[in-house]
*Asks:* 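Before I ask anything, here is the structure I am working with.
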2 protein chains.
Amino acid sequence: MTSEALARALNTNPVVVRRLMGGLREHGYVHSEKGHGGGWTLSCQLDRVTLRDIYEALDAPRLFAIGNRSEETECLVEEAVNHAMSSVLADVKAQFLACFGQITLAALHADFHQRLAARHGPTTLCK
Amino acid sequence: MTSEALARALNTNPVVVRRLMGGLREHGYVHSEKGHGGGWTLSCQLDRVTLRDIYEALDAPRLFAIGNRSEETECLVEEAVNHAMSSVLADVKAQFLACFGQITLAALHADFHQRLAARHGPTTLCK
DNA sequence: TCTCATGTAACTTCATGTGTTGCTAGAGTG
DNA sequence: CACTCTAGCAACACATGAAGTTACATGAGA
């Protein structure tokens with residue numbers, strides 16, 4: 001499948017697709033081929049890759065919208081709050097990764113097919 | 001304490017302080033007084049207010065930097081992914097709130113005083 | 001050699017949170 | 001009563017980072 005086609009399906013731009021897929025390629029989850037007839041192909045077993053793997057392949061983007069204003073501070077109040085916050089956020093992030101680590105692409109694939117069967121409409125990609 | 005003084009301690013602007021404190025006032029955690037000699041005063045018991053209470057008083061700002069691109073979609077793949085994501089994020093958010101719900105302001109206050117004692121420097125607010 | 005694809009850098013746009021200004025209203029002081 | 005000091009609030013400006021876009025280079029088949 002080409003970046004062009006994926007971009008259309010995702011309502012975005014081919015370059016954005018390439019940026020994202022680049023991370024997946026580096027980790028061997030997909031393979032890309034240049035030139036005529038090129039594009040992207042899957043190169044992993046869906047039941048061996050989890051959302052956590054994807055998240056990390058995508059360079060583990062920032063998870064939280066909140067956080068410490070600065071790590072290093074002279075202010076003891078801020079220091080105390082930072083300490084509490086960091087500890088909570090670390091715990092929560094660990095739980096997040098654990099959850100994501102349990103969801104395989106195969107599970108999503110199966111879920112998709114269940115939804116597709118439930119719809120009995122025409123079978124085109126996205127829509 | 002005036003918004004002005006707080007802003008200086010927090011390295012920010014008095015109006016920003018007022019915006020934040022406004023949420024706390026609505027929930028009765030602080031009290032404000034206008035005019036000469038006015039400013040902010042605490043009006044809660046530190047051991048009865050948790051970070052969770054503060055978070056919610058501040059209108060529960062967005063917690064995650066990631067999330068579903070859109071809730072409603074025609075795309076069954078997106079639907080499957082959204083479903084998995086939402087479920088994980090909801091679980092994780094619940095854990096976050098639970099953690100925050102266990103940290104009282106009294107605990108932070110105690111932690112601050114411990115840090116202060118450990119430093120044996122002059123005792124000025126922040127620095 | 002032409003076309004079709006990815007790879008990549010540089011730039012633009014957009015959304016969101018933060019900071020700032022200007023003004024109003026209330027409360028004490030001289 | 002005039003003055004000063006404070007919060008309250010709306011409107012605007014700025015900063016940051018994610019997403020989208022453009023332009024061009026590179027590689028592979030026809």
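Residue numbering restarts at 1 for every chain, and letters A, B, ... go by the order of the sequence lines. Since the structure is predicted, the reported quantities are computational estimates derived from the model, not experimental observations.
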*Asks:* What is the distance from CG of Asn11(A) to P of dG20(D), rounded to the nearest Å?
*Replies:*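 Atom-to-atom, Asn11(A) to dG20(D), this comes out as 9 Å.
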*Asks:* Which atom pair, heavy atoms only, marks the closest approach of Thr73(B) to Ser70(B)?
*Replies:*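 Residues Thr73(B) and Ser70(B), closest heavy atoms: CB-OG, 4.4 Å.
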*Asks:* Atom CZ of Arg19(B) to atom C1' of dA11(D): distance rounded to whole Å?
*Replies:*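 About 11 Å, once rounded to whole Å.
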*Asks:* Between CG of Asn11(A) and CZ of Arg8(A), what distance do you get to the nearest 0.5 Å?
*Replies:*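 Answer for the CG-CZ pair, Asn11(A) versus Arg8(A), is 11.0 Å.
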*Asks:* Between Ser43(A) and His31(A), what is the shortest heavy-atom contact and its length?
*Replies:*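 Heavy atoms of Ser43(A) and His31(A) come nearest at OG-N, 3.8 Å.
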*Asks:* Start with the C-alpha gap between Met21(B) and Tyr29(B), add the side-chain angles, then the distance that decides, and say whether side-chain contact (heavy atoms from CB on, under 4.5 Å) holds.
*Replies:* CA-CA 9 Å; Met21(B) 299 293 274; Tyr29(B) 302 139; over 6 Å; no
*Asks:* With a 4.0 angstrom cut-off to heavy atoms of chain B, pull out the first and last contacting nucleotide of DNA chain C, in 5'-to-3' order.
*Replies:*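 The footprint of chain B covers dG17(C) to dG28(C).
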*Asks:* Grab the CG-P distance between Asn13(B) and dC14(D) for me, whole Å please.
*Replies:*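 Going from CG in Asn13(B) over to P in dC14(D) covers 15 Å.
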*Asks:* Describe the nucleic acid contact of Gly39(B) in one word from base, sugar-phosphate, nothing, applying a heavy-atom distance below 4.0 Å.
*Replies:*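 Counting heavy atoms under 4.0 Å across all strands, the contact made by Gly39(B) is with sugar-phosphate only.
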*Asks:* Cut-off 3.5 Å, no hydrogens considered: what does the side-chain donor-acceptor table look like for residues 104-118 of chain A, sequence neighbours left out?
*Replies:*
| from | atom 1 | to | atom 2 | distance (Å) |
| --- | --- | --- | --- | --- |
| Thr104(A) | OG1 | Ala106(A) | N | 3.4 |
| Thr104(A) | OG1 | Ala107(A) | N | 3.0 |
| His109(A) | NE2 | His113(A) | NE2 | 3.2 |
| Asp111(A) | OD1 | Arg115(A) | NE | 3.3 |
| Asp111(A) | OD2 | Arg115(A) | NE | 3.4 |
| Asp111(A) | OD2 | Arg115(A) | NH2 | 3.3 |
| Arg115(A) | NH1 | Glu79(B) | OE1 | 3.0 |

*Asks:* Please state whether the phosphate of dG20(D), meaning OP1 or OP2, lies under 4.0 angstrom from any side-chain nitrogen or oxygen of Thr12(A).
*Replies:*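 Yes, within the criterion.
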*Asks:* For Pro14(B) and Glu4(B), which heavy atoms make the closest approach, and how far apart are they?
*Replies:*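 Minimum heavy-atom separation between Pro14(B) and Glu4(B): CG-OE1, 3.8 Å.
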*Asks:* Can you sort out which residues in residues 54-62 of chain B have a heavy atom within less than 4.0 Å of DNA chain C? Ascending by number, please.
*Replies:*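 Arg62(B), in order of number.
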*Asks:* Please list, pair by pair, any protein nitrogen or oxygen found under 3.5 Å from a nitrogen or oxygen in nucleotides 23-30 of chain D.
*Replies:*
| from | atom 1 | to | atom 2 | distance (Å) |
| --- | --- | --- | --- | --- |
| dT26(D) | O2 | Lys34(A) | NZ | 3.3 |
| dG27(D) | O4' | Lys34(A) | NZ | 3.4 |
| dG27(D) | N2 | Gly35(A) | N | 2.8 |

*Asks:* So, taking the atom named CG in Leu97(A) and the one named CG in Asp53(A), what distance separates them when rounded to the nearest 0.5 Å?
*Replies:*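 Output value for this atom pair is 10.5 Å.
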*Asks:* Tell me, please, which residues at least two apart from Glu33(B) pass salt bridge (charged side-chain N to carboxylate O under 4.0 Å, His left out).
*Replies:*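 Salt bridge (charged side-chain N to carboxylate O under 4.0 Å, His left out) list for Glu33(B), sorted by chain: empty.
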*Asks:* Quick one: list whatever passes side chain to side chain contact (heavy atoms under 4.5 Å, CB included) with Gln45(A), sequence neighbours left out.
*Replies:*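 With sequence neighbours excluded, Gln45(A) shows a side chain to side chain contact (heavy atoms under 4.5 Å, CB included) to Asp47(A), Arg48(A), given in chain and number order.
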*Asks:* Determine whether Arg25(A) and Trp40(A) satisfy the following criterion, side-chain contact (heavy atoms from CB on, under 4.5 Å), listing intermediate values before the conclusion.
*Replies:* CA-CA 9 Å; Arg25(A) 184 188 50 228; Trp40(A) 300 91; 3.6 Å; yes
*Asks:* If you count the non-hydrogen atoms of other residues, nucleotides and ligands that lie under 6.0 Å from NE2 in His83(A), is the total more than 12?
*Replies:*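 Result for NE2/His83(A): open.
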